[in-house]
Amino acid sequence: MAVTPRGTTPVPPDARPRLTVLSGPSGVGKSTVVAHMRKEHPEVWLSVSATTRKPRPGEQHGVHYFFVSDDEMDKLIANGELLEWAEFAGNRYGTPRAAVLEHLESGVPVLLEIDLQGARQVRASMPEAQLVFLAPPSWEELVRRLTGRGTEPPEVIERRLGAAKVELAAEPEFDETLVNTSVEDVARELLALMDVV
Ligand SMILES: Nc1nc2c(ncn2[C@@H]2O[C@H](COP(=O)(O)OP(=O)(O)O)[C@@H](O)[C@H]2O)c(=O)[nH]1
Ligand SMILES: Nc1ncnc2c1ncn2[C@@H]1O[C@H](COP(=O)(O)OP(=O)(O)O)[C@@H](O)[C@H]1O
């Protein structure tokens with residue numbers, strides 16, 4: 001399903017990078033920060049999630065997401081192929097387990113960009129993971145970014161803003177908080193947290 005570093009020698013467990021999870025409300029800038037970070041540091045591996053959401057213009061299967069049907073998602077869940085999964089604003093999303101573990105075993109730093117429910121599941125199953133919360137500079141700015149992106153109709157934006165209130169309230173559960181005022185600054189801070197720089 002995913003490209004994995006086959007043929008590489010596993011590194012000893014105590015030398016493996018920590019799994020890092022990045023969460024935060026829809027529209028805060030997670031994808032923007034991650035894209036900026038990976039442009040400079042392509043060695044960070046970003047897990048590609050499976051989702052039942054329909055692709056946005058420009059999104060490619062296997063690059064941004066594995067776009068799957070409801071039946072396919074049912075099977076991934078039933079077969080235990082997902083490290084975590086959650087329903088978010090009417091669609092299901094999940095992290096393919098095998099590729100994450102293979103990359104960590106090969107010593108590759110791994111980043112998951114997932115929602116709060118997924119972050120909680122990772123905390124429960126992999127307590128050594130590092131949970132990072134990306135916060136907006138203000139509520140007004142979050143609304144501006146989500147609306148300004150122009151990828152969702154008004155009712156979907158409303159639903160995502162409802163979820164955002166819940167996610168913002170959960171910020172104290174995270175190990176670290178980064179405020180997304182400047183994409184460059186946050187990307188640098190995230191790399192430092194991942195021990196990449
Ligand atoms: N639990 C979980 N959440 C995911 C996964 N992939 C993406 N998400 C989250 O699902 C939410 C919606 O993602 P998406 O539809 O791409 O919208 P966007 O993040 O606002 O661009 C975001 O909070 C993502 O971080 C996953 O594999 N598991
Ligand atoms: N630091 C920032 N300052 C201003 N606009 C930003 C910043 N980070 C992201 N954006 C913009 O906010 C919108 C939402 O960003 P996006 O990365 O799609 O968010 P998310 O992946 O968290 O849903 C996009 O239009 C993006 O260009």
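One-based numbering, in listed order, for ligands and for the atoms of each.
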Practice task
Give the intermediate values and the outcome of salt bridge (Lys or Arg N to Asp or Glu O under 4.0 Å) for residues Asp115 and Lys30.
Solution key: CA-CA 11 Å; Asp115 87 323; Lys30 300 180 296 298; over 6 Å; no
Handout entry: salt bridge (Lys or Arg N to Asp or Glu O under 4.0 Å) evaluation trace for Arg53 with Glu59
Key = CA-CA 11 Å; Arg53 167 165 81 60; Glu59 283 186 334; 2.9 Å; yes
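Under a 4.0 angstrom heavy-atom cut-off, Arg56 registers as being in contact with ligand 1. The closest approach between any non-hydrogen atom of Gln117 and ligand 1 is not below 4.0 Å. Contact annotation: Arg160 has at least one heavy atom less than 4.0 Å from an atom of ligand 1. For the ligand labelled ligand 1, residue Glu167 lies outside the 4.0 Å heavy-atom shell.
Applying side chain to side chain contact (heavy atoms under 4.5 Å, CB included) to Val196 and the options Met37, Arg188, Glu43 leaves one that passes, Glu43. Of the options Glu113, Glu84, Gln121, a side-chain hydrogen bond (donor to acceptor under 3.5 Å, both in side chains) to Thr95 is made by Glu84 and by none of the others.
Which parts of ligand 1 touch Arg149 is read off a 4.0 Å heavy-atom cut-off, strictly below it: atoms 18 (P), 20 (O), 21 (O). Below 4.0 Å from some heavy atom of Gly118 lie the following atoms of ligand 1, by number and element: 1 (N). Against a heavy-atom cut-off of under 4.0 Å, Ala86 is close to the following atoms of ligand 1: 1 (N). The contact set between ligand 1 and Arg53, taken as ligand atoms under 4.0 Å from a residue heavy atom, comprises 14 (P), 15 (O), 16 (O).
Considering only non-hydrogen protein atoms, atom 23 (O) of ligand 1 sits nearest to Asp115 CB, 3.7 Å. In this structure, atom 6 (N) of ligand 1 lies nearest to the protein heavy atom Ser49 OG, 3.1 Å. Distance from atom 20 (O) of ligand 1 to its nearest protein heavy atom, with residue and atom name: Ser26 OG, 2.6 Å. The nearest heavy-atom contact from the protein to atom 19 (O) of ligand 1 is Lys30 NZ, 3.9 Å.
Looking at Glu84 against ligand 1, only its side chain comes within 4.0 Å, counting heavy atoms.
Distances from atom 14 (P) of ligand 1 to the heavy atoms of Tyr65, Phe88, Trp85 put Tyr65 nearest.
Judged purely by atom type and a 3.5 angstrom limit, Asp175 uses its side chain to pair as donor or acceptor with the backbone of Leu131. Arg145 contributes no side-chain N or O that, together with a main-chain N or O of Gly29, makes up a donor-acceptor pair within less than 3.5 Å.
Note: no N/O pair closer than 3.5 Å links Ser31 and ligand 1 by distance alone.
Side chains of Glu141 and Ser138: a donor-acceptor N/O pair is absent below 3.5 angstrom, by distance only.
Between His61 and Phe67, the angle of the ring planes lies from 30° to 60°, which puts this pair in the tilted group.
Pocket lining of ligand 2, defined as residues with a non-hydrogen atom under 4.0 Å away: Pro25, Ser26, Gly27, Val28, Gly29, Lys30, Ser31, Thr32, Arg145, Arg149, Asn180, Thr181, Val183.
Residues passing the ring pair (Phe, Tyr, Trp, His ring centres under 6.0 Å) test with Phe88, sequence neighbours excluded: none.
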